[in-house]
Number of protein chains: 4
Amino acid sequence: MTRARQARSIRTRETLLSLAREKASAVGYGALRVEDIVAAAGVAKGTFFSHFKDKDALMDILIAERLNALLDGMEKAPKFQSVDELVAGLMPYLGFVSSERYVFDLYLRLSGALKVEEIGEIAESLVRLDRIVIEKLDRDRFRQDVSPELLSEGIQAFCISSIALGFCALHSDQNVENRLETQLKAWLCPG
Amino acid sequence: MTRARQARSIRTRETLLSLAREKASAVGYGALRVEDIVAAAGVAKGTFFSHFKDKDALMDILIAERLNALLDGMEKAPKFQSVDELVAGLMPYLGFVSSERYVFDLYLRLSGALKVEEIGEIAESLVRLDRIVIEKLDRDRFRQDVSPELLSEGIQAFCISSIALGFCALHSDQNVENRLETQLKAWLCPG
Amino acid sequence: MTRARQARSIRTRETLLSLAREKASAVGYGALRVEDIVAAAGVAKGTFFSHFKDKDALMDILIAERLNALLDGMEKAPKFQSVDELVAGLMPYLGFVSSERYVFDLYLRLSGALKVEEIGEIAESLVRLDRIVIEKLDRDRFRQDVSPELLSEGIQAFCISSIALGFCALHSDQNVENRLETQLKAWLCPG
Amino acid sequence: MTRARQARSIRTRETLLSLAREKASAVGYGALRVEDIVAAAGVAKGTFFSHFKDKDALMDILIAERLNALLDGMEKAPKFQSVDELVAGLMPYLGFVSSERYVFDLYLRLSGALKVEEIGEIAESLVRLDRIVIEKLDRDRFRQDVSPELLSEGIQAFCISSIALGFCALHSDQNVENRLETQLKAWLCPG
DNA sequence: TATGAATGAGCGTTCATTCAT
DNA sequence: TATGAATGAACGCTCATTCAT
């Protein structure tokens, strides 16, 4: 009984998610409208809000989904033996994060939350990214004077920084990839 | 006549700025409303927009003002001989940037602009920060295998990263300052 | 300058009011929808709410308008020499109040407010009704052992009571008018 | 089986009622939410509606319960020999009716119903109030030119009216009790 | 009887920004 | 420059009620 209902509920939720996914790939995440989604799904607005706290909660799921898919790819790759390989491994992920200003802003905003109970999918995917980077770095190939955890933290800092600079006209001399490569070389292979 | 008008205009602008400054320190930057400012100034809303392109332009000025005041302090300090000194020098600046989520978000967003002509005060203050950091780093005390420019770029990346993590409950084990210190030591003094 | 704007504002407000009035007479007050009004007026929803605090505020004005028009009629009538004349004088007013359950409920709810600053048009029209009734009662024809103010208060109590009973199946043996007449005779001409 | 079910059903209904009663005394009738009641009872929302036609039906029962308890007290009292005694006898009842605007509104709305089959507990308690008042009025002490039924009707009208005025800031010069007393004296003892 | 997901359908909010005067 | 009414365009809320299982 209870289970049957849950099945229906799950179905509705999936419908909403997949329609949102579809719309997002058509018009971009920033242009997604709750009303369009519910209209397409043929459900009431109230239904949307009984499945997702607010629009951001949906975006969090949607974007994290994409991030996780990209992390899946990263996970399957062999260990990174060089900065070039690392950058190559990161680029699909970063490409998505920097694909829309809206996505980048949301990514930053939802990267963390002040309350643990508000930690969402994106924040968790960042933990996963961290873990993957740590695992995939072939320790022999990179500096060993600091912990892998710290290395990973730095890598993420440089990723964010590169994307942010990529959105800035003052630093358009290099693209995200080149800048990141330069920075990561200095970070991972000093001396 | 023209002169009188210009004088009045300048006065209006200054009034708006100083009332905004005042309100911001009372309620925070994020809670500042154009309506409140114009009401306090006794002018119409339209007047506000004939003085500032948009609300962001005002916030850009207001926040950059604070940043520049903090940079003034940094400029007067002696050269940084150690990471500790560097962190100590940066903290007032970072303290302000991390004082409100709204300020941090705006800082990131206005750090750059896609069009050169849209470069604002904050973006320029960042260039200044970059220059100051480069000047103040005593090259003999820090790694010399990379350019000062790159060093500075990394320092800024770690600053942003530390603040972002500071807004996240998952990383509350350390405060901004400690995290930054650890990272900068690894960045500036490898090996 | 200021005046010109005010004129425009007044015009918009009047447009909203007259369209609402029109719709109300077409579909009834209870079926009035804010969206229909703004759609008909061709203005944004925000405009509606900058003219009226909420939907009730509009209804208050609309209903009070009607009440006042009916009070105008009452005011022009000669003094009431008998209960029959009083009832006849009151009936148009009561007819409107009892025309829709929605109207009656709103009438009761907006008859007063706990805060003076929230006193609205309906509440004020009630004060006017009170004054008119006091003026129009030919003192010689009715009981003189109590003040006209008290008489009027009682008349209003019986009006409300009659309408309320009119909405009740248990008391459908008499109509509003008959019941009121009986009650008022006992109230105004005891003995 | 059937018996067991019926027993369970009755128990569920009682549970809902008593939890509702409890919540109402904690937060007031107006703040009572079906959701809270069913959550406290650990049953589904639908269950609520298989026990009560709608929320009003529950409120009708709950409020009528209280009214009847107060009427029980009134019934035990000796006959009213004066207006003062009558007012004193009515006050507990009126105190409850005027305790919350929500209660008063519901009281008025459920005092009658357009269809006899929709007559509920409150409406019946009003009939009872009417009967009690008629019985308790010592005819010798009050006007005898009109029927006790009419007297009672008027008393109820003045009760409603007094409460309504009590909810209005414009008439806060007197409290419910004083106003009622004045009105009833004029109504019951003219001349 | 019980379940609980889904509904409905309108209200009110937000507030930076525009534009005709 | 100044005015301030109007805009826009969606979000989120409400919460009693229904209905398929």
Side-chain angles (χ1 to χ4, degrees), chain A residues 1-13 31-36 38 41-56, chain B residues 2 4-6 8-10 12-13 32-39 42-58, chain C residues 1-13 31-36 38 41-56, chain D residues 2 4-6 8-10 12-13 32-39 42-58:
Chain A
M1 218 67 162
T2 296
R3 200 148 309 170
R5 288 301 149 193
Q6 286 178 342
R8 183 179 164 208
S9 174
I10 290 167
R11 224 181 312 128
T12 303
R13 187 190 153 95
L32 214 52
R33 298 286 164 256
V34 171
E35 283 203 339
D36 296 342
V38 298
V43 302
K45 225 191 215 176
T47 305
F48 180 90
F49 288 100
S50 72
H51 281 285
F52 307 101
K53 183 182 160 284
D54 54 23
K55 192 192 172 188
D56 276 0
Chain B
T2 298
R5 271 203 198 143
Q6 287 177 342
R8 179 159 65 107
S9 170
I10 289 169
T12 303
R13 186 190 153 96
L32 211 53
R33 299 284 167 260
V34 172
E35 173 131 8
D36 297 339
I37 301 169
V38 298
V43 301
K45 258 189 188 171
T47 305
F48 179 91
F49 290 95
S50 64
H51 283 285
F52 305 100
K53 180 180 162 283
D54 53 26
K55 192 195 175 188
D56 277 357
L58 170 72
Chain C
M1 218 68 163
T2 296
R3 198 148 310 170
R5 287 304 148 190
Q6 285 177 343
R8 183 181 164 206
S9 174
I10 289 168
R11 224 181 310 129
T12 302
R13 187 190 152 94
L32 213 51
R33 298 287 164 256
V34 172
E35 281 204 341
D36 296 343
V38 298
V43 302
K45 222 189 213 176
T47 304
F48 179 91
F49 288 100
S50 71
H51 282 283
F52 308 100
K53 184 183 160 282
D54 53 23
K55 192 192 173 189
D56 275 0
Chain D
T2 297
R5 271 203 198 142
Q6 286 177 343
R8 179 159 64 108
S9 168
I10 290 169
T12 302
R13 186 190 152 94
L32 211 53
R33 299 283 168 260
V34 172
E35 172 131 9
D36 297 340
I37 301 169
V38 297
V43 303
K45 259 187 186 171
T47 305
F48 178 92
F49 290 94
S50 63
H51 283 285
F52 305 99
K53 182 180 161 284
D54 53 26
K55 192 194 173 188
D56 276 358
L58 170 73

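Numbers restart at 1 for each chain; the letters A, B, ... are given by sequence-line order, proteins then strands.
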Original post:
On DNA chain F, nearest-nucleotide positions of B:G42 versus A:K53: which is more 5'?
Top reply: B:G42
Original post:
For B:E35 and E:dT18, what is the distance between atoms CD and C1' respectively, to the nearest whole Å?
Top reply: 15 Å
Original post:
Roughly how far apart are A:H51 NE2 and A:I10 CD1, rounded to 0.5 Å?
Top reply: 10.0 Å
Original post:
What's the shortest heavy-atom distance between A:L32 and A:K55, and which atoms?
Top reply: O-NZ, 3.0 Å
Subject >> Given F:dC15, F:dA5, F:dG8, the nucleotide with the shortest approach to the side chain of C:A44 >> reply: F:dG8
Original post:
Of the nucleotides E:dA2, E:dC11, F:dC11, which has the atom closest to the D:H51 side chain?
Top reply: E:dA2
**OP:** Would you indicate which nucleotide in E:dG10, F:dA16, F:dA5 comes nearest to any side-chain atom of D:V34?
**Re:** F:dA16
Original post:
Is there side-chain contact between D:V38 and D:T47, with heavy atoms separated by less than 4.5 Å?
Top reply: no
Original post:
Rounding to a whole Å, what distance do you find between D:D54:CG and F:dT17:P?
Top reply: 5 Å
**OP:** With heavy atoms under 4.0 Å as the rule, sort C:S50 into base, sugar-phosphate or nothing.
**Re:** nothing
**OP:** Could you check whether D:T47 gets within reach of a base, just the sugar-phosphate, or nothing at all, counting any heavy atom under 4.0 Å?
**Re:** base
Original post:
In whole angstroms, how far is the P atom of E:dA6 from the CZ atom of A:F52?
Top reply: 11 Å
**OP:** If F:dT21 has a Watson-Crick or G-U wobble mate with both distances under 3.5 Å, name it; if not, just say none.
**Re:** E:dA2
Original post:
In the strands shown, is F:dG8 matched to any nucleotide by a Watson-Crick or G-U wobble pair with both distances under 3.5 Å, and which?
Top reply: E:dC15
Original post:
Atom CZ of C:F49 and atom P of F:dG8: how far apart are they, to the nearest Å?
Top reply: 16 Å
Original post:
What is the nucleic acid contact for D:K45, judged by heavy atoms within less than 4.0 Å: base, sugar-phosphate only, or nothing?
Top reply: base
Original post:
Just wondering, do B:F48 and B:L58 contact through their side chains at under 4.5 Å, heavy atoms?
Top reply: yes
Original post:
For D:I10 and E:dT1, what is the distance between atoms CD1 and C1' respectively, to the nearest whole Å?
Top reply: 13 Å
Original post:
Atom CZ of B:R33 and atom C1' of E:dT14: how far apart are they, to the nearest Å?
Top reply: 9 Å
Original post:
Between D:V43 and C:G46, who's closer to the 5' end of DNA chain E by nearest nucleotide?
Top reply: D:V43
Subject >> Closest non-hydrogen atom pair, B:F49 against B:V34 >> reply: CE1-CG1, 4.1 Å
Subject >> Spacing between B:K55 atom NZ and E:dT17 atom C1', to the nearest angstrom >> reply: 12 Å
**OP:** Map A:D36 and C:T12 onto DNA chain F by nearest heavy atom, then report which one ends up closer to the 5' terminus.
**Re:** C:T12
Original post:
Which whole-number value in Å describes the distance from D:I37 CD1 to F:dC15 P?
Top reply: 13 Å
